[in-house]
Amino acid sequence: FSRLALALQGGRFDVADRLFHDVGKSWRNASGNNLQDVRELIPEFYYLPDFLVNSNGFDFGETQKGTTVDDVTLPPWAKGDPYRFVRLNRKALESPHVSKHLHKWVDLIFGYKQRGPEAVAAQNTFVHVTYEGEVDLDSMDDPIQKASTIAQIQNFGQTPKQLERRPFTAKTIAKAVKDNVIDFGTIALLAPLTPPLRVAGAPHRLKIRPVMTDTIKLGVVEQTDKAVGDVCFVKGQLMGAGRACTLLVEQKKYIRFGGLNNGLSVHTSMISTRYREVDKLLTIHDGLHRAPICAAKGSRDGSCIVTGSIDSTLRVWRYDGDCLSLKATLCGHSGSPIKCIGLSTTFGVIATGCAQGRVILWDLRSTTFVRTLQHGTTGYEVLSVSINNTNGNIVTLIGTCLAVADINGLEIASERLQELNGPSCAVATDCPEWMEDGVVAITGHKNGEIRLWTLDYDKGILRNVLVLPENPLTSPITSLRVTGLERQDTILAGDMSGRIALFKSVQLESMSSQELNEIIEELC
């Protein structure tokens, strides 16, 4: 944003009074006081609170009234918190009220109110050069006029192409309850708008049951114990792999590491058109590090693999299905063995944790150091690090401390759990921050318990909202994964004894009539 602002003004920031520094003032100007002041709510208003904060300490000057321009002044309901401001903006954007009236905005921008008498009546007219077809640059002979017209279009934008000359129809808002009866036909429409692991159609409910159990069969040969290292669910098949393994789900393979060859091996995890045998050794890659590999993580598509060694080094590899090619070596854990790795290609971030309790974020694209997460827990091993692929938040489990930080390293909330039957691993869900009742983290415990956590953003508190009932796992939980087709509604877990289990959110169709009547009363 700063570079663009400087480029627009010839290398200097604009006059302080003209800078965007007060949401309320900008709203009053654009909506009534000054109709020449045209404003647009850019996407960052709904997902990026950082653009409202002068974190670099730039000198923007003072207004004519002597007010220093710094962080953007927010409305009273934001309580001075840019995170709250953006979160509530997004919550409002996704609300039924906005969805019901969104077609009116589409009419203004893309529809019949963009031009002509309807545009004039709606006070929706702009400078003529911004409209498609109104300016013929090729016919301009005056180079100064042509350059100034191009500069005006580049700096102040263009009106989009008109797509429709008739009013757009209003969106039909799906509701789970219609005429005091559950409308099961709308549940599929409501599912994508339901927070992870909540009941589709009744998002205030959190009810999860075990559906399937099995034992691991992959990567346990020559393993000293039966502990589960990774678990997945593909085409109705529940699969788990041993402690020193990580699954490449889309490639139907798994990686095994930890051997004295300082490398790893790649095996088949299930039958495919190319491989007709499960647990078949495909390739061996020796000497990838100078010491044994103790942690590994693959991207969702399996094209990128990050390995960590007991000598504290990390290496990023490209994997084409057969060969590994080194992209970068990363150092920063000061001789401490790598214990866990989180990887998000969505945000281009690698998160790594070591035995000394240090958590480091790396840029996946440039393979460079970004920052060390600051936390109050020292001297404890990092048990888990996991990245939310919707908002970039990072869930860490260091000793008994469960914490959530944003992608810029700011701690949002933390909770120190009891040491008796304490946590053994944790995983983040992909819950967006505007779904305030959504489950943001799941912890597995030494007694086999699996706990679900929500986050109160305003108070900075993690709340345990459910301990999974009817849990068939009784040994320490060693692996967790959250998955699903249209949304995250499934928990996969594995324990120290080699047992794996699948838990799924209960659907309204499978609930008793008594439960459905209770839900109808709650939603009406």
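Here the structure is a predicted model, which is why all the values come from computation and not from measurement.
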Problem - Salt-bridge present (Asp279, Arg256; N to O < 4.0 Å) - result: no
Practice task
Using the test salt bridge (charged side-chain N to carboxylate O under 4.0 Å, His left out), find all partners of Glu415 that sit at least two apart in sequence or belong to another chain.
Solution key: none
Problem - Listed partners of His285 passing ring pair (Phe, Tyr, Trp, His ring centres under 6.0 Å), at least two apart - result: none
Practice task
Applying ring pair (Phe, Tyr, Trp, His ring centres under 6.0 Å), name anything that partners Phe85, two or more places apart in sequence or on another chain.
Solution key: Trp77
Exercise for the section: Would you please name every residue forming a salt bridge (charged side-chain N to carboxylate O under 4.0 Å, His left out) with Asp456, sequence neighbours left out? Expected result: Arg463
Exercise for the section: Could you tell me whether Arg274 and Asp322 make a salt bridge, using a distance below 4.0 angstrom between a side-chain N and a carboxylate O? Expected result: yes
Practice task
Could you go through the ring pair (Phe, Tyr, Trp, His ring centres under 6.0 Å) check for Tyr83 and Tyr457 one step at a time?
Solution key: CA-CA 8 Å; Tyr83 288 84; Tyr457 284 89; 8.6 Å; no
Problem - Selection residues 421-431 - residue pairs positive for side chain to side chain donor-acceptor pair (under 3.5 Å), sequence neighbours left out - result: Arg300-Asp430, Asp430-Gln488
Exercise for the section: Please determine, by modelled atom types, if Thr368 and Asp363 share a side-chain donor-acceptor pair under 3.5 angstrom. Expected result: no
Handout entry: Phe58 backbone acceptor or donor facing Asn56 side chain under 3.5 Å
Key = no
Exercise for the section: Tell me, please, which residues at least two apart from Tyr254 pass ring pair (Phe, Tyr, Trp, His ring centres under 6.0 Å). Expected result: His267
Problem - Stepwise side chain to side chain contact (heavy atoms under 4.5 Å, CB included) test for Thr313 and His289 - result: CA-CA 8 Å; Thr313 60; His289 286 259; 3.1 Å; yes
Practice task
Report yes or no: do Lys504 and Thr490 form a side-chain donor-acceptor pair below 3.5 Å?
Solution key: yes
